[in-house]
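Notes to accompany the following structure.
Positions are given from 1, in the same order as the sequence printed here.
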Amino acid sequence: MNDTVMIIAESNAAEGKADQVRSLIESVVERTRAEDGCLRYELLRDLDDDSHIILIEEWRDQASLDAHLASEHLTTMFQTMMPLLAGEGHGTRVARIA
């Protein structure tokens, strides 16, 4: 059985805050990629909506994802980023079919 966990995380920056939100996320990308269990961590932007920010994540297992979510660099980034978002973000757990 494959325990790999993939996440598609999406959020929308408040008006005029997209660059600031992307910069905050960029500041944790390398540390996150170095975490035990991180298989993929990509920050993407929507070509049709600059405020729409997307992360594609892949983790070895749920325990690796849980450790990431509890990491100091991520919790600090979230605390700074949340007031810069238009509403709450959304994360979808997905699994590869083929």
Side-chain angles (χ1 to χ4, degrees):
M1 180 171 140
N2 185 348
D3 291 334
T4 300
V5 178
M6 295 178 70
I7 305 291
I8 300 171
E10 301 181 68
S11 57
N12 289 295
E15 189 171 336
K17 302 295 183 185
D19 288 340
Q20 198 173 353
V21 171
R22 277 194 297 273
S23 180
L24 282 167
I25 299 170
E26 285 176 28
S27 74
V28 301
V29 167
E30 290 307 315
R31 283 181 279 182
T32 298
R33 288 178 179 160
E35 289 178 45
D36 184 42
C38 181
L39 305 175
R40 180 179 179 193
Y41 196 79
E42 296 182 47
L43 174 60
L44 308 168
R45 70 180 176 89
D46 186 326
L47 294 174
D48 296 319
D49 180 356
D50 191 52
S51 69
H52 186 202
I53 298 162
I54 304 157
L55 276 166
I56 305 293
E57 306 178 35
E58 187 170 5
W59 296 91
R60 178 182 58 227
D61 51 29
Q62 186 63 46
S64 298
L65 174 58
D66 292 343
H68 165 65
L69 293 173
S71 68
E72 183 178 346
H73 63 269
L74 192 70
T75 56
T76 299
M77 188 262 316
F78 274 137
Q79 289 172 351
T80 306
M81 184 177 72
M82 295 309 284
L84 304 174
L85 298 180
E88 294 185 18
H90 177 69
T92 304
R93 290 171 23 110
V94 297
R96 190 175 284 115
I97 294 173

Exercise. Starting from the C-alpha separation in whole Å, work towards a yes-or-no answer on side-chain contact (heavy atoms from CB on, under 4.5 Å) for Asp49 and Asn12.
Key: CA-CA 9 Å; Asp49 180 356; Asn12 289 295; 4.1 Å; yes

Quiz item: Please walk me through it: do Leu55 and Ile7 pass side-chain contact (heavy atoms from CB on, under 4.5 Å)?
Solution: CA-CA 8 Å; Leu55 276 166; Ile7 305 291; over 6 Å; no

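Atom CD1 of Ile25 is separated from atom OG1 of Thr80 by 12.0 Å, given to the nearest 0.5 angstrom. One finds the CG atom of Leu43 at 10.5 Å from the CD atom of Glu57 (value rounded to the nearest 0.5 Å). Trp59 contributes atom CH2, which lies 8.5 Å from atom CG of Leu39 (distance to the nearest 0.5 angstrom). One distance of note links CZ of Arg22 with OG of Ser51; it measures 9.0 Å at 0.5 Å rounding. For the atom pair Met82 CE and Glu88 CD, the distance stands at 6.5 Å (nearest 0.5 Å). Note: Gln20 CD to Leu85 CG = 10.5 Å, rounded to the nearest 0.5 Å.
Contact record, Leu24 with Met77: O-CG, 3.5 Å, taken as the closest heavy-atom pair. Scanning both residues, Ala18 and Asp50, for their nearest heavy atoms gives CB-O, 3.5 Å. The two residues Leu69 and Leu74 have their closest heavy-atom pair at CA-CD2, 3.7 Å. In terms of heavy-atom proximity, Ala13 sits nearest to Ile53 at CB-CD1, 4.2 Å.
Tracing side-chain contacts under 4.5 Å through hydrophobic residues (I, L, V, M, F, W, Y), one reaches Ile54 starting from Val94; they form part of the same cluster.
Judged as a salt bridge (Lys or Arg N to Asp or Glu O under 4.0 Å), and not counting sequence neighbours, the contacts of Glu58 are Arg96. For Ser64, the side chain to side chain donor-acceptor pair (under 3.5 Å) criterion is met by Arg60, Asp61, not counting sequence neighbours. Every side chain to side chain donor-acceptor pair (under 3.5 Å) that Arg93 has, sequence neighbours left out, goes to Gln62.
At least one donor-acceptor pair under 3.5 Å links the side chain of Arg33 to the backbone N or O of Tyr41.
Between Glu10 and Asp46, every side-chain heavy-atom pair lies at or beyond the 4.5 Å cut-off.
Using bins of under 30°, 30° to 60° and over 60° for the plane-to-plane angle, the ring pair His73/His68 lands in the tilted bin.
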